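Pasting in a structure now, in structure tokens, and then I'll have a few things to ask.
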Amino acid sequence: MLIQITLPDGAVREYASGTTIEAIAESISPGLRKNAIAGKLNGKVVDVYHPIEESAAVEIVTLDSKDGLEVYRHSTAHLMAQAIKRIYGNKEVKLGIGPVIEDGFYYDIDIVNPLTPEDLKKIEKEMERIIQENLPISRRVISREKALQIFGDLEDPLKLELINDLPEGVELTIYDQGEFFDLCRGPHLPSTGRIKAFKLLSVAGAYWRGNSDNKMLQRIYGTAFPKKAQLDEHLHFLEEAKKRDHRKLGKELKLFMFSDEAPGMPFYLPNGTTLRNELEQFARRLQIEREYKEVRTPFIMNQRLWEQSGHWEHYHENMYFTEVDDNKFALKPMNCPGHMLIYKNDLHSYRELPIRIAEFGQVHRHEFSGALNGMMRVRTFCQDDAHLFVLPSQIEEEISKVISLIDLIYQVFGFSYRVELSTRPEDSMGDPALWDQAETALKNVLDAKGIAYRVNEGDGAFYGPKIDFHILDALKRSWQCGTIQLDFQMPEKFDLNYVGEDNQKHRPVVIHRAVYGSIDRFIGILTEHYAGAFPAWLSPVQAKVIPVSIAFEGYVTEVTEKLLAAGIRVEADQRNEKLGYKIREAQLEKIPFMLVIGENERSSDTLSVRKRGEGDIGTHDIDATIQMILQEIRNKA
RNA sequence: GCUCCCAUAGCUCAGUAGGUAGAGUGCAUCCAUGGUAAGGAUGAGGUCACCGGUUCGAAUCCGGUUGGGAGCUCCA
């Protein structure tokens, strides 16, 4: 019987029923057959050996595609599992799950002895051996009973649990390669010899199925690429990313420090304080232009306020408490309740709304010790927070304005970002109908602005749905920074109201928003983003005056004072060192402008300018240099 | 919080048979007075994170505590 196969280019070819992806690839070209590692049958990824009984749309999957790479990495995970079983014993190693992730794969295993980096090397060697053996990888369908029997014989409780949890009617498959087999949906490469370049990266603990009530397994991370050069490039990227680590750069550039006396709480050194002040001032100016009013609220407020706001119920495990004069107080984990009190301090008319209250609010949250990570995850941080009190009819316009503000600010840093809409979580507060209304409002704005977004079902805050802005850092990790949250609950809890046109009381709606999110974390992200070479407007020291020798002290002082008077953050390096030495040091400090002074400059009232990233850009007179630096600062480039 | 790893001079790190510590850099002093990424000499600087145990003797071995790292979980 003949069947018709439709290829991606629209061509239709006839084959005998029972043909395979492999055979179809071969019929197209021998090269394609060599490169085929899987196929897509009506959009579903399958093995190259998969028999095709009926007419279908078929696509040959090669390593160049995303699907192909995933198959490749998945097979590498199996290869690793096989190597581990060979080394440590078939029954001694219990396999959990071994999925493909962003830049590689991992496998969770249960094994008595903790694995060390030396073990990883041993496993890699064994993996190489199995590649040499070029074992064919084949698929077989088994019944649920048979699967339970096989993994029961293997004494592998993890796989048995997986099998038992698979829904009825699902086809169970096992993939074999030599003596090794694994329960797996597949598909996989045709044989182990197809794997060319891989590397095991690290081993760490991971709870079985991500639940801390379950047993802790060992997770081995690895990565694999079709070509050695690609693997090398990836490993090189990881090295480069390490050099940009904000914890390392923060120390080197003296931006901030940490102390055993306050784990997870950053100390800002003078350089970091300058940077942070610039970030705050930048946001502050834009907010004033947009008619926000800035406030400050107490760090510690009575516990009953937090009970009223719902934070006690939903958030107390992350809060710090204290007792003073027999009264219980809490250190604020969020700024909203304070802003609610400010709103209630006055009677408001509908004519006043929207009211936009902003605060650079320092909050404290008790994070797990194991969750702390430099500036990225801390226990006290400053939010560039604001609460907008609006009429229901103003919701969409106000949200639209916030989105524009966020976009404007991110553009200055050159960040690309992703937008996510998070909907009602399980422990939500309030009427589901209000939630639906709020979610619809957020969707409307995003759609109207033509912004692409992903929906995260159930990931909203307990008081309302939110739009989150995720930026991508140098390590390609995505960080949630900006957020816009709609809140119908807080106005209820605090009995907020305004007097309407009808002279009656009405409920305003609250919009929470942040752009940097955490200023502290934003500084961490910026440090990695710029690799410590901050643009002039953010640089703690914008210019350094460097004399060729101590003979020019007077002129150096004169120049320095002129720059200071122009508002430039300048330092003079009057140490009795050689020019090259001082330049090297300023270079390591990543200072944007070095102003070199010697006899030529003094006698002509000029400066020799050395610009970061460009080198010596020649001699300029003092005022022109000042203007050039000021221009660069203003440009924020 | 949990699992594994780590903690030596301000910083980056050696110290791999248990015999009370070393380099580079930085710092101080002196010499050298210089033109775009490191001139030379001398010197100061350490309860080897903390507490306890084993031992004649512990930076080194064992236990605990604190802090850090890689993850799990949660979030900004």
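Keep in mind that this is a model prediction, so the values were computed, not measured. Just so it is clear, the values below take in all heavy atoms, side chains as well, and ignore hydrogens, waters and symmetry mates. Convention: sequence-line order gives letters A, B, ...; per-chain numbering from 1.
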Spacing of the C1' atoms in C75(B) and G10(B) (rounded, Å): 35 Å
G15(B) versus G45(B) - spacing of their P atoms, nearest Å: 25 Å
G71(B) - base-pair partner by Watson-Crick or wobble geometry, distances under 3.5 Å: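 The answer is C2(B), by the H-bond criterion.
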Base-pairing mate for U16(B) - Watson-Crick or G-U, with both contacts under 3.5 Å: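 WC or wobble partner does not exist here.
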Covered region of RNA chain B, 5' end to 3' end, by chain A [heavy atoms, under 4.0 Å]: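 Reading along RNA chain B, I get G1(B) to A76(B).
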Sugar-phosphate only, base, or nothing, as touched by R365(A) at under 4.0 Å among non-hydrogen atoms: base
Sugar-phosphate, base or nothing in reach of D616(A), heavy atoms under 4.0 Å: base
Touch class at under 4.0 angstrom, heavy-atom based, for V363(A) against every strand present: nothing
Sugar-phosphate only, base, or nothing, as touched by G517(A) at under 4.0 Å among non-hydrogen atoms: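 Contact class for G517(A): none.
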Sugar-phosphate only, base, or nothing, as touched by I550(A) at under 4.0 Å among non-hydrogen atoms: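 Here I550(A) touches the bases of the nucleic acid.
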Sugar-phosphate only, base, or nothing, as touched by G370(A) at under 4.0 Å among non-hydrogen atoms: base
Touch class at under 4.0 angstrom, heavy-atom based, for Q480(A) against every strand present: sugar-phosphate
Short side-chain donor-acceptor distance under 3.5 Å, S518(A) and Q383(A):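 Their side chains do not contain a donor-acceptor pair, so the 3.5 Å distance test is not met.
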Counterpart base for G52(B), defined by Watson-Crick or G-U wobble contacts under 3.5 Å: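 Paired with C62(B).
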Sugar-phosphate only, base, or nothing, as touched by R610(A) at under 4.0 Å among non-hydrogen atoms: base
Salt bridge (Lys or Arg N to Asp or Glu O under 4.0 Å) evaluation trace for K544(A) with E589(A): CA-CA 10 Å; K544(A) 201 161 219 177; E589(A) 289 165 21; 2.8 Å; yes
Ring centre gap for F522(A) and F413(A) strictly below 6.0 Å: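 Ring centroids of F522(A) and F413(A) are less than 6.0 Å from each other.
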P spacing across the pair U8(B) / C50(B), given as an integer number of angstrom: 10 Å
Touch class at under 4.0 angstrom, heavy-atom based, for N576(A) against every strand present: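 Base contact.
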Separation of the C1' atoms in A7(B) and A14(B), to the nearest angstrom: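 Nearest-Å result for A7(B) against A14(B) at atom C1': 15 Å.
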Close aromatic pair by centroid cut-off 6.0 Å: F321(A) and W306(A): no
Euclidean distance, Y463(A) OH relative to C336(A) SG, rounded to 0.5 Å: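 These two atoms lie 5.0 Å from each other.
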Sugar-phosphate, base or nothing in reach of Y207(A), heavy atoms under 4.0 Å: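 Y207(A): base contact, heavy atoms under 4.0 Å.
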Span that lies between the C1' atom of A58(B) and that of G71(B), in whole angstrom: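 Roughly 33 Å separates the two C1' atoms.
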Touch class at under 4.0 angstrom, heavy-atom based, for N373(A) against every strand present: sugar-phosphate
C1' spacing across the pair U20(B) / G69(B), given as an integer number of angstrom: 30 Å
Option from Q489(A), H387(A), H339(A) for which side-chain contact (heavy atoms from CB on, under 4.5 Å) with V510(A) holds: H387(A)
Aromatic ring pairing H366(A)/Y320(A), orientation class (parallel under 30°, perpendicular over 60°, tilted between): perpendicular
Interatomic distance at C1', G46(B) relative to C11(B), whole Å: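 Looking at atom C1' only, G46(B) and C11(B) are 14 Å apart.
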Sugar-phosphate only, base, or nothing, as touched by G482(A) at under 4.0 Å among non-hydrogen atoms: nothing
Under 3.5 Å side-chain donor-acceptor pair for T483(A) and Q485(A): yes
Sugar-phosphate only, base, or nothing, as touched by G598(A) at under 4.0 Å among non-hydrogen atoms: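 The answer is base, as G598(A) lies within the cut-off (heavy atoms under 4.0 Å) of a base atom.
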Inter-nucleotide C1' distance (C61(B), U55(B)), Å rounded: 10 Å
Ring geometry between F469(A) and Y417(A) (parallel below 30°, tilted from 30 to 60°, perpendicular above 60°): tilted
